[in-house]
Protein chains: 2
Amino acid sequence: MAKSQSVSLSVIRRLPRYYRFLSDLKAAGILRISSRELSSRMGLTASQIRQDLNCFGGFGQQGYGYNVEQLHAEIGNILGVGKKHKTILLGAGNLGKAVAAHMDFEAKGFDLIGVFETDKQMIGKNLRGLKILSSEMLVPFCKEHQPLVAILCIPKDSARKASDLLVELGIKAFWNFTHYDFAVSHPGIVVENVHLGDSLMILSYRVNETLEGNSTDNKE
Amino acid sequence: MAKSQSVSLSVIRRLPRYYRFLSDLKAAGILRISSRELSSRMGLTASQIRQDLNCFGGFGQQGYGYNVEQLHAEIGNILGVGKKHKTILLGAGNLGKAVAAHMDFEAKGFDLIGVFETDKQMIGKNLRGLKILSSEMLVPFCKEHQPLVAILCIPKDSARKASDLLVELGIKAFWNFTHYDFAVSHPGIVVENVHLGDSLMILSYRVNETLEGNSTDNKE
DNA sequence: TAGATTGTTAATCGATTAACAATC
DNA sequence: TAGATTGTTAATCGATTAACAATC
């Protein structure tokens, strides 16, 4: 099971996009695809696609290309879409609510089992079939259910305080929507950041660059 | 005003994080900082910080370091936080509502002037001080107000259809929360993608990798 | 002035692209 | 078999790190 060598994050970050394109191809009834054809659809080089896939094994066949359904399944497997990691959400404000209601956790390897909020107004309300719990229930809940993943949709300072506690309680991974910066503080813990504000500022820079006319192309 | 040479996207993507750290330093009353000190706080190399900043000019002073307030202002300026680009939001579902309510557009160079939704239930309701408009109003609204940026929080197929129309109407940049893939289709248009689903799948991969024990460290 | 720290050039490292032999 | 397309090695390109002279 152990991969011979750790695959670079650059490659990993492209996998979900491959997975989406293959879903679409599958839905369109396309059975096979060459790296060349896929590359032109995705705006990548065929070389890169073959390099990326060969980090995980030879899924293609010379002279034929890749079987769409099989490759889709393989990448899903690599990404762990079949897992059911117990997950809790901290914060049922605008963002927390949207994430909980919007995201297909089951299709991505997660199982949302608890939502916690400090605002008394929200406690007891229903979110995605879960009763929102008081954050006072966090410790007993984690001791009982042993969640592995925590989604942070709380203010920065709360995140700072909560993170150490959560790690003590056995949380191994964070989906972090806050501005709290884990950076160096928790080795061995996985942190995937979603910094919406940063993303918007990057857009700002790029718009301005384009408007000023000294743009080259639109890269992404 | 024109930069001598286009700055790489890798550098641009780090700027908002510098900006946040400098905000914090400023708030903490710290007046000056060396690249070495900043690097240890941010988990980068001092070399990288100096390289990054020197893409835009020499903001530091030999023997002293960087003036926190000045550098903060410079980076804010580079990112265009003082701009007020007219922006519209398509989709006032869970995600659209959360983004509209949550994001500090004014602090990031944008001015949200219109929200559009197809669901009759939502039309007329208030969101961030704006009355939600029927998507039938999109064309006349754009003709009158000439927005520059569109935020897409609508289904994939709607995004595909809307994007061409929006470009025709003069939209030059998209903040894209959908799975619609602009990739090659609209040259000269800026697209900043926020793929929450992809981010969650990357977390999935990394959790599994860590749990299987063949992890190295937590990189990010 | 001496010490500190930048700005910048050179060296290294990693990621992407190109090329081609292997093979279906 | 001949044609197509992979898997994989080699070449290129870009980004990061190291080093150090310039200078406050």
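When reading the values below, keep in mind they use all heavy atoms of this one structure, side chains included, and skip hydrogens, waters and symmetry mates. Note on naming: letters A, B, ... go to the chains in the order of the sequence lines (proteins, then strands), and numbering restarts at 1 for each one. Just so you know, these numbers come straight off a predicted model, no measurement behind them.
- Checking D:dT5, C:dT6, D:dT16 against the side-chain heavy atoms of B:R14 singles out D:dT16 as nearest.
- Residue B:R13 contributes atom CZ, which lies 18 Å from atom C1' of D:dT16 at whole-angstrom precision.
- Atom CD in A:Q48 sits roughly 20 Å away from atom P in D:dT5 (whole-Å rounding).
- The interatomic distance linking B:Y66 (OH) with C:dA4 (P) rounds to 18 Å, in whole Å.
- What separates CG of B:L44 from P of D:dT17 is a distance of 8 Å, to the nearest Å.
- Ion pairing between B:R32 and B:E37 fails under the 4.0 Å rule for side-chain N and carboxylate O.
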Secondary-structure notation, DNA chain D, from Watson-Crick and G-U pairs under 3.5 angstrom (| other strand): ..||||||||||||||||||||||
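- Residue B:S10 is in sugar-phosphate contact alone, with no base atom involved, counting any heavy-atom pair closer than 4.0 Å across all strands shown.
- Proximity of A:R32 to the phosphate of D:dT5: a side-chain N or O atom is located under 4.0 Å from OP1 or OP2.
- Residue A:N54 has its side chain nearest to D:dG7 when only C:dT8, C:dT5, D:dG7 are considered.
- To the nearest 0.5 Å, the span separating CE on B:M103 from OG on A:S199 amounts to 8.0 Å.
- Residue B:T45 places at least one side-chain N or O closer than 4.0 Å to OP1 or OP2 of D:dT17.
- A:S35 has no side-chain polar atom (N or O) that falls below the 4.0 Å cut-off from OP1 or OP2 of D:dT5.
- Looking at the side chain of A:S34, the nearest of the listed nucleotides D:dA18, C:dA15, D:dT6 is D:dT6.
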Stepwise ring-ring contact (aromatic ring centres under 6.0 Å, His included) test for B:F21 and B:Y19: CA-CA 6 Å; B:F21 270 78; B:Y19 191 66; over 10 Å; no
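- Put simply, the side chain of A:S8 and the base of C:dA15 share no donor and acceptor less than 3.5 Å apart.
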Test log, rule salt bridge (Lys or Arg N to Asp or Glu O under 4.0 Å), inputs A:D181 and A:K156: CA-CA 9 Å; A:D181 212 291; A:K156 182 176 179 176; over 6 Å; no
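- Atoms OH and OH, from A:Y66 and A:Y18 in turn, are 9.0 Å apart once rounded to the nearest 0.5 Å.
- Annotation: the span from B:R14 atom CZ to B:L53 atom CG amounts to 10.0 Å, rounded to 0.5 Å.
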Full working for side-chain contact (heavy atoms from CB on, under 4.5 Å) between B:L90 and B:L166: CA-CA 11 Å; B:L90 272 68; B:L166 289 165; 3.9 Å; yes
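- With hydrogens and angles ignored, a donor-acceptor pair under 3.5 angstrom links the side chain of A:Q51 to the base of D:dT9.
- In this entry the distance linking CG of B:L38 with P of C:dA4 reads 20 Å, nearest Å.
- Look at CZ on B:R36: it is 13 Å from P on D:dA18, rounded to the nearest Å.
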Distances for protein N or O near nucleotides 21-24 of chain C N or O, under 3.5 Å:
residue, atom, partner, partner atom, Å
C:dC24, O3', A:Q61, NE2, 3.4
C:dC24, O2, A:Q62, O, 3.3

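- The interatomic distance linking B:R50 (CZ) with C:dT5 (P) rounds to 10 Å, in whole Å.
- Counting to the nearest Å, the P atom of C:dT8 and the CZ atom of B:F56 are 14 Å from each other.
- Between A:K172 and B:V207, every side-chain heavy-atom pair lies at or beyond the 4.5 Å cut-off.
- Between the CD atom of B:E69 and the CD1 atom of B:I30 there is a distance of 13.0 Å, given to the nearest 0.5 Å.
- With values rounded to the nearest 0.5 angstrom, A:I78 atom CD1 is found 8.0 Å from A:L71 atom CG.
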